[in-house]
Amino acid sequence: MSRKKTPKSKAGSAPATSALPAANGPRSVRPGTARPGPKAPPNGPPQPGRSSIGGGGDFYDVAFKVMLVGDSGVGKTCLLVRFKDGAFLAGTFISTVGIDFRNKVVDVDGMKVKLQIWDTAGQERFRSVTHAYYRDAHALLLLYDVTNKASFDSIQAWLMEIQEHAQDDVVLMLLGNKVDSAQERAVKREEAEKLAKDYGLPFMETSAKTGLNVDLAFTAIAKELKQRCTKAPSEPRFRLHDYIKREGRGASCCRP
Ligand SMILES: Nc1nc2c(ncn2[C@@H]2O[C@H](COP(=O)(O)OP(=O)(O)OP(=O)(O)O)[C@@H](O)[C@H]2O)c(=O)[nH]1
Ligand SMILES: [Mg+2]
């Protein structure tokens, strides 16, 4: 089985026109470089067999693009850093400028799944930059801050934006972050559960600070995407809602 190498993950700020191409664009697969086997996911193939940029890195079988979206300050960058490095960025809040990405390869049922995770700027002034990336996203993690009601109130506007710019079959998950700050909670879990149920979204509360449900959110996305492109007809379908309900700590999930 031929395996690809993933480019070294990138921590610094990337301009909107980063050298690394979007995970599933362009949509063509170069002859002789694609890994046989998995079928293309509905909204485009997994990242085709691009050669390693910058050398080094981990091998992977399939790659998907995941985007983090939500208001400024909800913890998108911290969530990504927690997942990638297992650390928490405490202290001064440095708002993301434009868009940035990091890669992480996760093992899903024996297959190496590379998640190319795009960390977007929540600030309104960067919205047009973000729009350009939606259409290539295989999955979106939509965050609000449980201590900031305004960020929760923005979720419907974000969903409209997603509907307008993302692929119809994009995998979407709602995350209420900063659940460690219990004293400052401004959004009840039940309220978010209702919203998630109304829109048929899988939902969990997370904490980039403590790590609660962070790996689970990304792993669940990786499992869903991987199954979409490799599932044998005889294999039981992976159920994202059920999975996070079962595996989540203090988590919940909603069905329409
Ligand atoms: N208590 C707590 N604080 C958090 C958590 N996640 C992020 N923060 C804090 O919230 C602030 C904003 O976090 P960021 O990750 O930079 O927010 P962002 O969503 O990336 O913001 P933009 O880049 O402007 O879109 C920082 O001061 C973090 O330390 C969390 O889970 N718990
Ligand atoms: Mg940020």
Side-chain angles (χ1 to χ4, degrees), residues 9-16 18 20 65-104 115-134 137 139-159 161-162 165-166 172-189 192 203-221 244 248-252:
S9 63
K10 184 177 164 302
S13 211
S18 167
L20 190 73
K65 181 179 170 186
V66 180
M67 258 175 93
L68 299 171
V69 292
D71 279 6
S72 178
V74 296
K76 299 179 294 297
T77 300
C78 288
L79 195 87
L80 176 51
V81 170
R82 166 61 69 186
F83 176 59
K84 170 71 182 152
D85 303 327
F88 177 60
L89 291 177
T92 323
F93 166 32
I94 302 171
S95 200
T96 302
V97 173
I99 195 156
D100 197 0
F101 76 87
R102 300 187 107 190
N103 296 319
K104 182 155 175 169
L115 298 178
Q116 183 184 55
I117 306 157
W118 290 84
D119 176 22
T120 66
Q123 287 180 44
E124 187 77 41
R125 66 194 169 108
F126 296 114
R127 218 43 68 79
S128 58
V129 175
T130 310
H131 288 166
Y133 288 81
Y134 274 115
L140 294 170
L141 292 178
L142 174 56
L143 276 75
Y144 68 91
D145 171 354
V146 300
T147 71
N148 178 345
K149 181 73 163 60
S151 74
F152 179 70
D153 292 339
S154 299
I155 290 297
Q156 298 205 16
W158 280 106
L159 288 170
E161 203 153 288
I162 289 165
H165 298 282
L172 185 54
M173 188 185 286
L174 179 67
L175 300 178
N177 191 41
K178 306 194 191 180
V179 72
D180 57 276
S181 302
Q183 305 286 335
E184 293 147 61
R185 184 190 274 273
V187 182
K188 287 192 188 126
R189 195 167 101 185
F203 164 67
M204 280 193 298
E205 290 187 332
T206 57
S207 169
K209 186 172 182 177
T210 65
L212 183 87
N213 293 331
V214 175
D215 283 1
L216 176 62
F218 286 97
T219 306
I221 291 288
I244 63 168
R249 285 181 288 142
S252 60

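For ligands, and for the atoms within them, numbers begin at 1 and follow the listed sequence. Quick note: residue numbers are just sequence positions, from 1. Keep in mind that this is a model prediction, so the values were computed, not measured.
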Is there a nitrogen or oxygen of [X] sitting under 3.5 Å from a nitrogen or oxygen of ligand 1?
{"X": "Gly122", "value": "yes"}
{"X": "Gln123", "value": "no"}
{"X": "Leu89", "value": "yes"}
{"X": "Thr77", "value": "yes"}
{"X": "Ser181", "value": "yes"}
{"X": "Ala121", "value": "no"}
{"X": "Ala90", "value": "no"}
{"X": "Ser72", "value": "yes"}
{"X": "Gly73", "value": "yes"}
{"X": "Phe93", "value": "no"}

Fill in the blank from the handout: Nearest heavy-atom contact between Thr120 and Leu68 is OG1-O, 2.6 Å

Practice task
Just do the side chain to side chain contact (heavy atoms under 4.5 Å, CB included) check on Trp158 and Asp71 with the steps written out, would you?
Solution key: CA-CA 9 Å; Trp158 280 106; Asp71 279 6; 2.8 Å; yes

Problem - Part of Asp180 with heavy atoms under 4.0 Å of ligand 1, whether side chain, backbone, both or neither - result: side chain

Problem - N, O or S from Ser72 under 2.8 Å to the Mg ion (ligand 2) - result: no

Exercise for the section: Please confirm if an N, O or S atom belonging to Ser95, backbone or side chain, lies less than 2.8 Å from the Mg ion (ligand 2). Expected result: no

Is there side-chain contact between [X] and [Y], with heavy atoms separated by less than 4.5 Å?
{"X": "Thr130", "Y": "Glu161", "value": "no"}
{"X": "Phe93", "Y": "Ser72", "value": "yes"}
{"X": "Glu205", "Y": "Val146", "value": "yes"}
{"X": "Asp119", "Y": "Thr77", "value": "yes"}
{"X": "Leu172", "Y": "Leu159", "value": "yes"}
{"X": "Arg102", "Y": "Val81", "value": "yes"}
{"X": "Leu142", "Y": "Ile155", "value": "yes"}
{"X": "Phe126", "Y": "Ile99", "value": "no"}

Handout entry: Min heavy-atom dist Gly91 to ligand 1 below 4.0 Å
Key = yes

Handout entry: Pairwise distance CZ(Phe218) to CG(Asn213) - rounded to 0.5 angstrom
Key = 12.0 Å

Completion exercise
One should read off an interatomic distance between Leu143 CG and Phe152 CZ, to the nearest 0.5 angstrom, of 13.0 Å

Per-atom contacts, ligand 1 versus [X] - under 4.0 Å to a heavy atom:
{"X": "Ser95", "result": "22 (P), 23 (O), 24 (O)"}
{"X": "Ala208", "result": "6 (N), 30 (C), 31 (O)"}
{"X": "Ser207", "result": "31 (O)"}
{"X": "Thr96", "result": "22 (P), 23 (O), 24 (O)"}

Exercise for the section: Validate the cation-pi geometry between Lys104 and Phe83: distance from NZ or CZ to the six-membered ring centre under 6.0 Å, angle to the ring axis within 45°. Expected result: yes

Problem - Rounded to 10 degrees, the angle OG1 of Thr96 makes with OG1 of Thr77 at the Mg ion (ligand 2) - result: 90°

Which residue and heavy atom of the protein sit nearest [atom], plus the separation:
{"atom": "atom 17 (O) of ligand 1", "answer": "Gly75 N, 3.2 Å"}
{"atom": "atom 5 (C) of ligand 1", "answer": "Lys178 CG, 3.5 Å"}
{"atom": "atom 15 (O) of ligand 1", "answer": "Cys78 N, 2.8 Å"}
{"atom": "atom 6 (N) of ligand 1", "answer": "Asn177 ND2, 3.2 Å"}

Exercise for the section: Would you check, one step at a time, whether the test side chain to side chain contact (heavy atoms under 4.5 Å, CB included) holds for Thr206 with Arg82? Expected result: CA-CA 11 Å; Thr206 57; Arg82 166 61 69 186; over 6 Å; no

